[in-house]
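As the structure is a prediction and not an experimental result, all values here were calculated from the model.
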Amino acid sequence: MDASGHEGRRETVGFVGLGRMGWPMAANLIRAGYELVARDADRDVERRFGEELGARPGREATAFAAAGVVVTMLPDGRAVQDAVLGDGIADVLPSGGVVVDMSSSSTHDTLELGRELRERGVALVDAPVSGGVPRAVDGTLAIMAGADDEAAVDRALPILDALGRRVFRTGPLGSGHAMKALNNFCAAAGYAALAEALVLGRSFGLAPSTMVEIVNNSTGRSFCSDVVFPEEVLTGRYGTGFALGLLAKDVTIAAGIAEGSGVAAPLCELVQQRWAEAAQVLGFAADHSTAHREWWDVDLSDAPRS
């Protein structure tokens, strides 16, 4: 029995976006037994993926006609709309087909795309991920799945199970992307708070490694204190693989959610401002763990102070 649960055939899945996250995710679907039609904006990347892993090229929209489910892993919701609607993929999908957007898209873009797809008889599931490149590689991502059509989630679930360790059903369409943005707001706030604490501690002669160790054995512990700072900041490696601009974008989405809901969220507004400034100065592609360099000219590594 194959990945689709049927004897003697492998279900065809479309995959759009073969970047740092998309490549290992698409590779995991092939390893799980799916026949893949893969597309990337970079034709060389698309060609290499096909040659190395055996996927069919998705340069022409008609290549996706055989796919009952199409997964997108792109920078934002506008890129998803361009790929699915502008490039004609939605027009060739069979009635009852499903698009699974695993990008970090805005809820506005998601709802807009959902309306467009419904008119074509295609369902949309927003299923963003958390876990970064390492968990994309080993297939243990946390996946947040929102949809108005529960049958569409059921249809996509075997594919999501091949990509993640746990799939959370978050509610209606847009709730998955809202949850992703709010989770990353929490992560961004945690990073900013710890970086600020380390800068303040420096003035009292506290070593960053000492502070991080104490925080990790106390109530201030977080993913940033447990992983990002000890592995990336204190060592000076700065290699999480997650772009600063992407985190800034997610916090901006969270701030938009706050504005749209009418809920006072001053912390979200401040964190959004801090990360937007860092992305503007250090560049969109800078590793997100470098953000503190824009906020203070203070060394947070374990190098001795002069």
Note to self: Determine whether a donor-acceptor pair (N or O, by modelled atom type, separation under 3.5 Å) exists between the side chain of Glu232 and the backbone of Gly239.
What the structure shows: yes

Next item on the list: Drop me the distance from Thr107's OG1 to Glu112's CD, to the nearest 0.5 angstrom.
Entry: 11.5 Å

Next item on the list: Look at the side chain of Arg47 and the backbone N and O of Asp42, then say whether any donor-acceptor pair between them is shorter than 3.5 Å.
Entry: no

Notebook entry, point to check: Between CD of Glu213 and OG of Ser218, what distance do you get to the nearest 0.5 Å?
Noted result: 10.0 Å

Check: Angle class for the His292/Tyr238 ring planes (parallel below 30°, perpendicular above 60°, tilted otherwise)?
Finding: tilted

Check: Can you hop from Leu200 to Phe229 via hydrophobic side chains spaced under 4.5 Å?
Finding: no

Check: Would Val228 and Leu194 show up in the same hydrophobic cluster when neighbours are defined by side-chain heavy atoms closer than 4.5 Å?
Finding: yes

Margin query: Quick check for you: to the nearest 0.5 Å, what is the distance between Ser175 atom OG and Phe168 atom CZ?
Written below: 13.0 Å

Item checked: Arg115/Asp148 under salt bridge (charged side-chain N to carboxylate O under 4.0 Å, His left out): CA gap, chis, key distance, verdict -> CA-CA 11 Å; Arg115 286 192 292 270; Asp148 291 333; over 6 Å; no

Next item on the list: Provide the closest heavy-atom pair for Pro208 versus Leu234 in the form atom of the first, atom of the second, distance.
Entry: CB-CD2, 3.5 Å

Item checked: Atom pair CG (Leu300) and CG (Leu198), whose distance is rounded to the nearest 0.5 Å -> 5.5 Å

Next item on the list: Start with the C-alpha distance between Met73 and Leu18, add both sets of side-chain angles, then the distance that settles side-chain contact (heavy atoms from CB on, under 4.5 Å), and finish with yes or no.
Entry: CA-CA 7 Å; Met73 191 62 182; Leu18 301 171; over 6 Å; no

Next item on the list: State plainly whether the residues Arg274 and Glu294 are in salt-bridge range, i.e. N to O under 4.0 Å.
Entry: no

Check: Counting only N and O atoms by type, is there a donor-acceptor contact under 3.5 Å from the side chain of Asp76 to the main-chain atoms of Ser106?
Finding: no

Notebook entry, point to check: Same hydrophobic cluster for Ile30 and Leu160, using side-chain heavy-atom links shorter than 4.5 Å among ILVMFWY?
Noted result: yes

Check: If you measure from CZ on Phe64 to CG on Asp91, what distance do you get to the nearest 0.5 Å?
Finding: 13.0 Å

Notebook entry, point to check: With a distance cut-off below 6.0 Å to the six-membered ring centre and an angular limit of 45° from the axis, does Arg20 pair with Phe242 as a cation-pi contact?
Noted result: no

Next item on the list: Apply the test side chain to side chain donor-acceptor pair (under 3.5 Å) to residues Glu277 and Gln273: give CA-CA distance (whole Å), side-chain angles for both, the deciding distance (0.1 Å), then the verdict.
Entry: CA-CA 6 Å; Glu277 291 170 352; Gln273 178 184 341; 3.2 Å; yes

Item checked: Residues Leu117, Val84; criterion side-chain contact (heavy atoms from CB on, under 4.5 Å); working and verdict -> CA-CA 9 Å; Leu117 290 176; Val84 175; 3.9 Å; yes

Next item on the list: Go through Ile143 and Leu163 one step at a time and tell me if the side-chain contact (heavy atoms from CB on, under 4.5 Å) criterion holds.
Entry: CA-CA 8 Å; Ile143 301 173; Leu163 300 173; 4.2 Å; yes

Note to self: Taking the side chain as everything from C-beta on, heavy atoms only, tell me whether Val100 gets closer than 4.5 Å to Val69.
What the structure shows: yes

Notebook entry, point to check: Tell me, do Arg78 and Leu113 make a side-chain contact under 4.5 Å, heavy atoms counted?
Noted result: no

Margin query: So does Val233 get a backbone contact from the side chain of Arg237, meaning a donor-acceptor N/O pair under 3.5 Å?
Written below: no

Margin query: Tell me if a side-chain donor or acceptor on Arg39 pairs with a main-chain N or O of Arg59 at a distance below 3.5 Å.
Written below: yes

Check: Mind checking whether Val125 and Asp101 have side chains closer than 4.5 Å, heavy atoms only?
Finding: no

Notebook entry, point to check: Side chains of Met211 and Arg202: does their closest heavy-atom pair fall under 4.5 Å?
Noted result: no

Note to self: Using the rule given for side-chain contact (heavy atoms from CB on, under 4.5 Å), can you reason through Val122 versus Val99, listing the C-alpha separation, both sets of side-chain angles and the distance that settles it, and then say yes or no?
What the structure shows: CA-CA 7 Å; Val122 175; Val99 172; 4.0 Å; yes

Margin query: Within the supplied structure, the quantity of interest is the number of heavy atoms (other residues, nucleotides, ligands) at a distance under 6.0 Å from Gln280 CD; does it exceed 12?
Written below: no

Margin query: Before you tell me yes or no, could you show the steps for Phe15 and Tyr34 under ring-ring contact (aromatic ring centres under 6.0 Å, His included), namely the whole-Å CA-CA distance, both residues' side-chain angles and the distance that decides it to 0.1 Å?
Written below: CA-CA 11 Å; Phe15 200 100; Tyr34 289 98; over 10 Å; no

Item checked: His177 (side chain) donor-acceptor with Ser103 (main chain) under 3.5 angstrom -> yes

Check: So Asp109 and Ser105, side chain to side chain donor-acceptor pair (under 3.5 Å) or not? Walk me through it.
Finding: CA-CA 7 Å; Asp109 290 341; Ser105 302; over 6 Å; no

Margin query: Determine whether a donor-acceptor pair (N or O, by modelled atom type, separation under 3.5 Å) exists between the side chain of Lys249 and the backbone of Pro75.
Written below: yes

Margin query: Quick one, Asp149 and Val153 - any side-chain contact, counting heavy atoms below 4.5 Å?
Written below: no

Note to self: Show the nearest heavy-atom pair for residues Gly114 and Leu173, with the distance to one decimal.
What the structure shows: CA-CD2, 3.9 Å

Next item on the list: Look only at the side chain of Asp87 and the backbone of Ala61, and say whether a donor-acceptor pair between them is shorter than 3.5 Å.
Entry: no

Check: Leu53 and Ala27: which non-hydrogen atoms are nearest, and at how many Å?
Finding: CD1-CB, 3.9 Å

Check: When hydrophobic residues are tied together by side-chain contacts of less than 4.5 Å, even through go-betweens, does Leu36 share a cluster with Leu74?
Finding: no

Next item on the list: To the nearest 0.5 Å, tell me how far Leu141 CG sits from Met102 CE.
Entry: 7.0 Å

Check: Would you say the side-chain atoms of Trp296 pair up with the backbone N or O of Val199, donor to acceptor, closer than 3.5 Å?
Finding: no

Margin query: Testing the basics here: between Ala147 and Asp126, what is the closest heavy-atom pair and its distance to 0.1 Å?
Written below: N-OD1, 4.0 Å

Margin query: Checking the side chain of Asp287 only, and the main-chain atoms of Thr290 only, is there a donor and an acceptor separated by less than 3.5 Å?
Written below: no

Next item on the list: Go through the steps to decide whether Thr12 and Glu35 satisfy the test side chain to side chain donor-acceptor pair (under 3.5 Å), and finish with yes or no.
Entry: CA-CA 5 Å; Thr12 298; Glu35 194 78 42; 5.8 Å; no

Margin query: Show the nearest heavy-atom pair for residues Ser289 and Tyr191, with the distance to one decimal.
Written below: O-OH, 2.6 Å

Item checked: Nearest atoms (heavy-atom pairs only) where Glu46 meets Pro57 -> OE2-CB, 3.7 Å

Check: If two hydrophobic side chains count as joined below 4.5 Å and joins carry through other members, does Leu244 share a cluster with Ile253?
Finding: no

